[in-house]
Each structure stands twice: as C-alpha cells, then as structure tokens.
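Below is one structure, written out as structure tokens; comments come after it.
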Amino acid sequence: MRGALPVALLALILGGPAVAGNECAAPADLTRLHGGLARTTMRLTRHEALTIVAIGSSSTAGFGASAPDRTYPSQLAAELRRRAPDTPVTVINKGVGGETSFDMIARFDRDVLALDPDLVVWQVGTNAVLHDYDVAAYQKPVRRGIERLKSAGIDVILLDMQFAPQVTAHAGYRDMETNLAAIGKDEGIPLFPRFAVMQHWVASGQFSVAAMLSPDGLHMNDRSYRCLGRLLGDAIVDRTRPRVATSRH
C-alpha cells in the first residue's frame, strides 16, 4: 500500500463516483501512533486544558475547504472534544499556503513557541515534493525543527503528504514517505501517514480520487478533511488508552 496506484487505475478512479460504505475507515496499523505523547497524555488523563498548534502549508490552512470550520484542524478539535468531552481542547491553525519546512521553522517563535502548546501537528513534505527538492537535504531542517520543539517540552506529530495525482507525478514522493517515517522513528515521535491512509480510502472503495480532492486535483475537500480530523483525533485519544475514559465506545 505504500507505493502509488498504477496510472491506468488512477485514470479510471478519477472519473468514477465514490462508493458508499464505511467512509473514513482505515486499518489500525496505519492510524496507530507510535512514539511519545507524554504531555498530551498527561493533559487528557487529568482533563486539563489541551492546546494544539497545527502548523503546515495550504492543506493545514484549509485550501479546498468550503469554510474555516471545515479544515482538518477544526475537524480535529471537534473530534477531540467528542472523544474527550471533559478536557478543554484548543486547536490553533497556523497553516500558510506554499510553505516548506524552512519557512515554517522561521516562524516557530511567533506561531508555535509563543503559544506554549502541548502538542504540535507538523504537516510537511508536499511542497518539497512538488518543487522536486532533494529529499536527503530536506531531512535536516525537519530534524532540527523537531529537536527544537522537543527541547521546549512540546509533543510532536508529523503529518505527511496528501495522496493526489499532482504529488505522485513527482518521483520524490516515495523517498519523502520513507524519510519522514524514518525521522519519526529516529526521533521517537509519531507520524500520521496521511498519504497511505488516503491511498487506502481509494483502494477500499470509500472514495474515488476525485471525490476526496478539491477541483484543483491537489488539495483535500470538506469530506476528506473531516475524515483526516476524525482519524487523527481518534489516534491521539487512543494513544493515551487505557488511562483516558472516552465517550466513543
């Protein structure tokens, strides 16, 4: 499931309707978070206020969403409040379209550290792939950024690229997937594999490619942002089990 679907199959899927079913479902081995979320766990366990900063580029800002409350950070906040209703949750959207990790790190002081978050969800990789950046070189600022957040006592989750034809048209997406997963493992932080999850949605018939993307063929839309927020929220809460009582099951 980690590689791209064949081009011919993608061409068929792009024109086809979404198949009704268990929309948003993904295998547990894809969505299960590995690595430390100590501060987040403490907040959820004690039902203390939890502050999350979502930093990234256009798919964090919400390009393709019909309204600010349809972005993935807004949907993540809604899911966390549903799953952990006794915990006050704030998710702050600090997405800026077109940015790479270099740009995001340059605004960490203002847009992350000044807000004293418990958790940062850092969406990285897509624009670097679209611009055909050297993936090996790209690792270095990402690792530096993670170390800076960790040294401030902040939990970090990496969020990788979206599965879209404009991304898979660039050969570097495979290396980016592999390298971001390796960074997460090396740094002891979770990676949420958005690319593989979206690929699963298509392969399982929950979505066609067209149905989970905005008309530009690159950004997600209301439906897929909702699914991303729901799955990521579930993954965060489930990572803290069995210490957090939830209202889902």
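Note that this is a predicted model, so its numbers are computed, not measured.
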Side chain to side chain contact (heavy atoms under 4.5 Å, CB included) between I92 and L115, worked out
CA-CA 9 Å; I92 303 168; L115 301 172; 4.0 Å; yes

Gap separating the CG atom of D111 from the NZ atom of K94, nearest 0.5 angstrom
4.5 Å

Going by side-chain hydrogen bond (donor to acceptor under 3.5 Å, both in side chains), name the residues that satisfy it together with T87, two or more places apart in sequence or in a different chain.
none

Exercise: do Q162 and R194 side chains pair donor with acceptor under 3.5 Å
yes

T126 side, atom OG1; H131 side, atom NE2 - distance, nearest 0.5 Å
10.5 Å

Between E187 (side chain only) and E147 (backbone N and O only), is there a donor and an acceptor less than 3.5 Å apart?
no

Using only atom types and a distance under 3.5 Å, with no angle test, would you say the side chain of N93 pairs donor to acceptor with the backbone of S74?
no

What closest approach, in Å, do A26 and H200 show between heavy atoms, and which atom pair accounts for it?
CA-CD2, 3.8 Å

Value rounded to 0.5 Å, distance of CD1 in I154 from OG1 in T51:
10.5 Å

Contact check, side chains of E99 and R107, non-hydrogen atoms, under 4.5 Å
yes

Inspect the contact between D238 and R32 and indicate whether a charged nitrogen and a carboxylate oxygen are less than 4.0 angstrom apart.
no

Please give me the minimum heavy-atom distance between P73 and V91, naming the atom from each residue.
O-CG1, 3.6 Å

To the closest 0.5 Å, what do you measure between OG1 (T90) and CZ (R81)?
6.5 Å

Any carboxylate oxygen within less than 4.0 angstrom of a Lys/Arg side-chain nitrogen, looking at E79 and R82?
yes

Heavy-atom closest pair, residues P141 and I105:
O-CD1, 2.9 Å

Quiz question: by atom type and distance under 3.5 Å, do the side chains of Q123 and T60 form a donor-acceptor pair?
yes

Rounded to the nearest 0.5 Å, how far apart are CZ of R144 and OG of S101?
8.5 Å

Within a strict 4.5 Å, meaning less than it, do heavy atoms of the R143 and D186 side chains meet?
yes

Below 4.5 Å, heavy atoms only, C-beta onward: do T40 and L50 meet side chain to side chain?
yes

State, without any angle test, whether N127 and T100 hold a side-chain donor-acceptor pair at a distance under 3.5 Å.
no

Using the rule side chain to side chain donor-acceptor pair (under 3.5 Å), only one of S58, S59, S224 pairs with H219; which is it?
S58

Consider only side-chain heavy atoms of I, L, V, M, F, W and Y, link residues closer than 4.5 Å, and tell whether F63 and V209 are in one cluster.
no

Exactly one of F195, F163, Y133 clears ring pair (Phe, Tyr, Trp, His ring centres under 6.0 Å) with Y173, and that residue is F195

Nearest heavy-atom pair of G36 and P190: which atoms, and what distance?
O-CD, 3.8 Å

Are side-chain heavy atoms of D160 and F192 found at a separation under 4.5 Å?
no

Looking at A25, is its backbone amide N or carbonyl O close enough to the side chain of Q206 to form a donor-acceptor pair, meaning the two atoms are under 3.5 Å apart?
yes

If we ignore hydrogens and angles and just use 3.5 Å, is the side chain of E177 paired with the main-chain N or O of P193 as donor and acceptor?
no

Can you find a heavy atom in the side chain of L228 that is under 4.5 Å from one in the side chain of Y72?
yes

Step by step, would you call M198 with M212 a side chain to side chain contact (heavy atoms under 4.5 Å, CB included)?
CA-CA 8 Å; M198 292 178 71; M212 72 179 181; 3.9 Å; yes

Would you call D155 and K150 a salt bridge, using N to O less than 4.0 angstrom?
no

Transitively linked via ILVMFWY side-chain contacts under 4.5 Å: M42 with I236?
no

In sequence, state the C-alpha distance, the side-chain angles, and the governing distance for W122 and I146, and then conclude on side chain to side chain contact (heavy atoms under 4.5 Å, CB included).
CA-CA 9 Å; W122 191 9; I146 291 168; 4.0 Å; yes

Could you tell me whether D116 and R39 have a side-chain N and a carboxylate O separated by less than 4.0 Å?
yes

Check the pair V124 / L180 against side chain to side chain contact (heavy atoms under 4.5 Å, CB included), numbers first and verdict last.
CA-CA 9 Å; V124 292; L180 290 177; 3.7 Å; yes

Determine whether D234 and T31 make a side-chain contact, defined as any pair of heavy atoms from C-beta on separated by less than 4.5 Å.
no

With a 3.5 Å distance limit and no angle check, can you tell me whether T240 reaches the backbone of T41 through a side-chain donor-acceptor pair?
no

Drop me the distance from L76's CG to R230's CZ, to the nearest 0.5 angstrom.
13.5 Å

Evaluate S66 against D222 for side chain to side chain donor-acceptor pair (under 3.5 Å), listing each step before the verdict.
CA-CA 7 Å; S66 63; D222 287 352; 2.5 Å; yes

Got L213 and L218 here, is their nearest side-chain heavy-atom distance under 4.5 Å?
no

Do you know which two heavy atoms are closest between A128 and Y138, and how far apart they sit?
CB-CE1, 3.4 Å

Taking every non-hydrogen atom, the tightest pair across R226 and C24
NH1-SG, 3.8 Å

Evaluate the side-chain proximity of D118 to I52: yes if any heavy-atom separation is below 4.5 Å, no if none is.
no

In terms of hydrophobic clusters joined by side-chain contacts under 4.5 Å, are V120 and V96 together?
no

